[in-house]
Visitor: 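So that we are looking at the same thing, I have put the structure below in C-alpha cells.
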Amino acid sequence: MSSKNGRRRRNDRRFPRGRGSVVLLAAALLSCAGSLAVADKLKELQEQFDRANHAGAKIKDLQKLGALEFEAATQASKAGDYVAVGLIFEKYRDNVRQAFELLKKQEPDADRHPGGYRQLELEVRHGIREVEDTLLAVPEEVRPPLEIVRKDLIDMDDALIHSLFPRRTKDPVKVPPAVEAKP
C-alpha cells in the first residue's frame, strides 16, 4: 500500500516484537506439560500391565503401553537423552518377554488359540521397527544396548512365528552324490 506522499506504509499485520518470547515460553510449557502427561499415563499403563493376569488382556495393555513408550523414547531422543531411550526400550523388551511367557503358559497350543500369538507378533514387529529407526539416530557409543534389545526382540519374533507356523514335515535327507566309475 502507499500513502499520500508515495512512500510505502509499514505493514500493520506484522508480529509485534515483545510477544515472540511469550509464544516461545508458552510452547515450552506445553511441551513440558505434554511430557509430564505422557510420563503419568505411562506409569498408569505400566501398573495396569503388571496387574493383568490374563494373556489377552496383557497383550492389549502392551499395545497401548508400547505406543506410549515409543512416544517417550522419541521425546527423549529429541532431547538428546539416549540413556533414557535405552532404558525405555529395555523395559519394552521385558514387557514383551513377560507377555510372551504368560501367553505360552496359558495358551500353549498356538494352533487352537492363534489370536494372542498373532497380536503379540504384530506388536513385536512394530517394536523391532521402532528400535531399528532409533538405532539410525543414536550415537555410536549408545548403540550396543539397543542392538541387544533388537536381537532379543527378533528372537522372540522368531519364536512366535515358529509357534504359529510349526514345521509339519521332516527335513529332507541329503543323499551324497554318487561317485562315477572311471572306464
Visitor: Indicate the atoms forming the closest heavy-atom contact of L62 with A99, along with that distance.
Guide: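 Smallest interatomic distance, heavy atoms only, reads CD2-CB, 4.3 Å.
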Visitor: Could you tell me whether the side chain of K58 and the main chain of A52 form a donor-acceptor pair under 3.5 Å?
Guide: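 Answer holds: yes.
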Visitor: Should E121 and R125 count as an ion pair when the cut-off is N to O under 4.0 Å?
Guide: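 A salt bridge is present here (some side-chain N lies under 4.0 Å from a carboxylate O).
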Visitor: Counting N and O atoms only, with roles assigned by atom type, does the side chain of R150 sit under 3.5 Å from a partner on the main chain of E132, one being a donor and the other an acceptor?
Guide: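 Here the side-chain-to-backbone pair does not exist.
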Visitor: Work out which heavy atom in P145 is nearest to a heavy atom in V142; give both atom names and the distance.
Guide: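 Answer, listing the atom of P145 first, then V142: CD-O, 3.4 Å.
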Visitor: Charged N to carboxylate O under 4.0 angstrom, E140 versus R143?
Guide: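 The answer is yes: the pair qualifies as a salt bridge.
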Visitor: Does the pair E69 and N95 meet the rule for a side chain to side chain contact (heavy atoms under 4.5 Å, CB included), with working shown?
Guide: CA-CA 11 Å; E69 284 176 325; N95 289 340; 3.5 Å; yes
Visitor: For T134 versus V85, what's the shortest heavy-atom pair and its separation?
Guide: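 Shortest heavy-atom separation between T134 and V85 comes out as CG2-CG1, 3.6 Å.
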Visitor: Side chain to side chain contact (heavy atoms under 4.5 Å, CB included) between Y82 and E141: does it pass, once the steps are laid out?
Guide: CA-CA 10 Å; Y82 298 113; E141 57 271 4; over 6 Å; no
Visitor: Is there a donor-acceptor pair closer than 3.5 Å between any side-chain N or O of Q106 and the backbone N or O of A55?
Guide: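 Yes; at least one donor-acceptor contact below 3.5 Å.
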Visitor: Does any part of the side chain of I59, heavy atoms only, come nearer than 4.5 Å to the side chain of E123, both counted from C-beta?
Guide: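 E123 vs I59: side chains apart.
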Visitor: For E107, is there any backbone N or O sitting under 3.5 Å from a side-chain donor or acceptor partner on Y117?
Guide: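 Pair found, side chain donor or acceptor close to backbone of E107.
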Visitor: Should D94 and K91 count as an ion pair when the cut-off is N to O under 4.0 Å?
Guide: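 Looking at D94 and K91, the cut-off is not met.
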Visitor: Heavy atoms, side chains only, cut-off 4.5 Å: are K64 and F49 in contact?
Guide: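 No, their side chains stay 4.5 Å or more apart.
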Visitor: With rounding to the nearest 0.5 Å, note down the distance linking CD1 in I128 to CG in D133.
Guide: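 It is 12.0 Å, given to the nearest 0.5 Å.
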Visitor: Decide whether L122 and L102 are clustered together by the hydrophobic rule: side chain heavy atoms of Ile, Leu, Val, Met, Phe, Trp, Tyr closer than 4.5 Å, transitively.
Guide: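 No; tracing contacts between hydrophobic side chains, which count when under 4.5 Å, never links both residues.
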Visitor: Are L103 and F165 in one and the same hydrophobic cluster, where Ile, Leu, Val, Met, Phe, Trp and Tyr link if side-chain heavy atoms are under 4.5 Å apart?
Guide: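 Yes.
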Visitor: Once rounded to the nearest 0.5 Å, what's the spacing between atom CG of L120 and atom NZ of K104?
Guide: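 It comes to 10.5 Å.
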Visitor: Got a second to check how far I161's CD1 is from R118's CZ, nearest 0.5 Å?
Guide: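 Interatomic distance, I161 CD1 to R118 CZ, rounded to 0.5 Å: 12.5 Å.
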Visitor: To the nearest 0.5 Å, tell me how far M156 CE sits from F100 CZ.
Guide: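 Atom-to-atom, M156:CE and F100:CZ are 8.5 Å apart.
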Visitor: Are the side chain of S77 and the backbone of A73 linked by a donor-acceptor contact shorter than 3.5 Å?
Guide: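 No: the side chain of S77 does not pair with the backbone of A73.
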Visitor: Hey, could you give me the CZ/CD distance between R93 and Q98, rounded to the nearest 0.5 Å?
Guide: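 The CD atom of Q98 is 13.0 Å from CZ of R93, to the nearest 0.5 Å.
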Visitor: Would you mind reporting whether Y92 and L153 have side-chain heavy atoms less than 4.5 Å apart?
Guide: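 Yes, their side chains come closer than 4.5 Å.
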Visitor: Would a hydrophobic clustering, with Ile, Leu, Val, Met, Phe, Trp and Tyr connected at side-chain separations under 4.5 Å, put L135 with I148?
Guide: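 No; I148 is not reachable from L135 via cluster members.
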Visitor: Mind checking the OG1-CD1 spacing from T74 to I88? Nearest 0.5 Å is all I need.
Guide: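 Going from the OG1 atom of T74 to the CD1 atom of I88 covers 8.5 Å.
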Visitor: Please assess D61 against Q46 for the test side chain to side chain contact (heavy atoms under 4.5 Å, CB included), listing each intermediate value before the final yes or no.
Guide: CA-CA 8 Å; D61 290 342; Q46 182 66 47; over 6 Å; no
Visitor: Can you confirm whether R97 sits close enough to D152 that some side-chain heavy atom of one is under 4.5 Å from a side-chain heavy atom of the other?
Guide: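 Yes. Closest side-chain heavy atoms under 4.5 Å.
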